[in-house]
Amino acid sequence: MFNGRGTTRLIFDGLKSNNSYVFQKYGRQTRAQQQHVVVSPKDLIDESCNVFEGNWVWDNVSYPLYEEQSCPYLVKQVTCQKNGREDSFYKNWRWKPNGCDLPRFDALKLLQILRGKRLMFIGDSVQRGQFESLVCMVQSIIPKDKRSLERIPPRKIFKIKEYDASIEYYWAPFIVESISDHATKHTVMKRLVKLDSIAKHGKHWEGVDYLVFESYVWWRYKPTINATYGNPDDVQEYNVSTAYRLALNTWANWIDSTINPQTQKVFFMSMSPTHLWSWEWKGGSNENCFNETYPIQDSPSYWGSGSSLEIMDIIHDTLSGLKTNVKFLNITRLSEFRKDAHTTIYGERKGKLLTKEQRADPKNFADCIHWCLPGVPDTWNEILYAYLLKSHQNIS
């Protein structure tokens, strides 16, 4: 859903009826009108507002922004209720920044911003969840014959025909090249990263209007990682933090040498937190995120041990050294509070739903990394949308 429950099934382009919702609200649009996006004051984030600091408030009127069954583009990994989760509270929380509000998501306005453009998410399966979230947030207002999803590994491409626009996903769990770059045949246990190589990926990113990068979880499997730097045959064991810094330097060089800041906007997502150890929010316990049904609300400074402050510093240092402006979307803290919103036993492992026996052993099989949809990634996209509105106003 979006903009209230009454507008769930809008179909605007190609509808000829004067009784249609879009005609009544906007009138018959000319091409010039379609290209113009009205950004009102309420759509803009005040410069004094830090949208990343705030709290989660209960809102079962405006949220969720869509439902599982209304979006055919979700993979089984994230459809928690379809997979057996009975509680649904995790869908009804709204992020409220301190002293301000996020602009209400408007799918039509986003499509107008994206007219003739490409938006691409780059990263691992957490980033794929954000891609699917945004697709679900816009797809219900697009007629079925004017939207399509193509799988061209390592990409997924959601096309909006009437707007000559696309929302895309590109699988690159380390951003730089690695032996895990096959879209389906990869394992986190065998990691070999080419810290100075990015060209094979980068050629797919050239000219994309909006790029949204993320890379974290795959780096954190062990404290060290096998990698090459310089000589492709010289494999060495690196401390993960050292390797991450070298990889981001390679990425930064690509950004500064390739991005046209006049026509392209780049975003970098901070780490998506994990909730693997319940003792962090519930002292004396020895479980994980399974059966958690409410956010952390009584610990405003909560920070889980799964989120590395050292990695955050590396990202900050890298972005600060860029000549190109890259907007850092620091979603870690707000997501830290959402111990209730992971897929737990209602997702997949190695491409298959958990068996009855595995579900009976949540301590070993609950997934406290990925998120149910609808859910937390929708908020990440609401924040992204707010900055897209802002950048669109600046260049309009």
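Atom set for the values below is all heavy atoms of this structure, side chains included, hydrogens, waters and symmetry mates excluded.
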Could I get the full list of salt bridge (Lys or Arg N to Asp or Glu O under 4.0 Å) partners for [X], not counting sequence neighbours?
X    : value
E206 : none
K194 : none
R85  : D87
R359 : none

Students should find that the hydrophobic cluster of I179, defined by side-chain heavy atoms under 4.5 Å apart, otherwise consists of L192, V235
Supply the members, apart from L354, of the Ile/Leu/Val/Met/Phe/Trp/Tyr cluster built from side-chain contacts under 4.5 Å; use none for a lone residue. F290, I345, Y346, F365
Using the side chain to side chain contact (heavy atoms under 4.5 Å, CB included) rule, take L329 and L384 through it: C-alpha gap first, then chi angles, then the decisive distance, then the call. CA-CA 8 Å; L329 301 183; L384 174 63; 4.0 Å; yes
For F158, what residues pass the ring pair (Phe, Tyr, Trp, His ring centres under 6.0 Å) criterion, not counting sequence neighbours? Y73
Inter- and intrachain pairs under disulfide bond (SG atoms under 2.5 Å apart), touching residues 138-181, at least two apart: none
Got a sec, which pairs hit disulfide bond (SG atoms under 2.5 Å apart) with one end in residues 325-367, sequence neighbours left out? none
Pairs flagged by salt bridge (charged side-chain N to carboxylate O under 4.0 Å, His left out) wherever residues 168-193 is involved - sequence neighbours left out: R118-E168, R155-E168
Donor-acceptor pairs under 3.5 Å, side chain of residues 313-325 to any protein atom, not counting sequence neighbours: which ones?
| unit_1 | atom_1 | unit_2 | atom_2 | d |
| --- | --- | --- | --- | --- |
| T318 | OG1 | I314 | O | 2.8 |
| S320 | OG | H316 | O | 2.7 |
| T324 | OG1 | D256 | OD1 | 2.7 |

Ring centre gap for F213 and W205 strictly below 6.0 Å: yes
Would a line drawn from the ring center of W171 to the ring center of H182 be shorter than 6.0 Å? no
If you measure only the distance, is there a donor-acceptor pair under 3.5 Å linking the side chains of K91 and Q81? yes
Given W281, which partner from the list H275, E292, E336 fulfils the side-chain hydrogen bond (donor to acceptor under 3.5 Å, both in side chains) test? E292
Test log, rule salt bridge (charged side-chain N to carboxylate O under 4.0 Å, His left out), inputs E53 and K96: CA-CA 8 Å; E53 295 290 338; K96 173 70 172 68; over 6 Å; no
W58 pairs by ring-ring contact (aromatic ring centres under 6.0 Å, His included) with which of W93, Y294, Y90? W93
Are R94 and F105 in a cation-pi setup, meaning NZ or CZ lies under 6.0 angstrom from the ring centre and within 45 degrees of the ring axis? no
Sub-3.5 Å donor-acceptor pair from the side chain of E68 to the main-chain atoms of K82, do we have one? yes
Applying side chain to side chain contact (heavy atoms under 4.5 Å, CB included), run through W254 and I259 and close with a yes or a no. CA-CA 8 Å; W254 183 88; I259 292 297; 4.0 Å; yes
Same cluster for V376 and F52 if Ile/Leu/Val/Met/Phe/Trp/Tyr side chains link at under 4.5 Å? yes
Just grab all the ring pair (Phe, Tyr, Trp, His ring centres under 6.0 Å) pairs involving residues 220-245, residues at least two apart or on different chains. W219-Y244
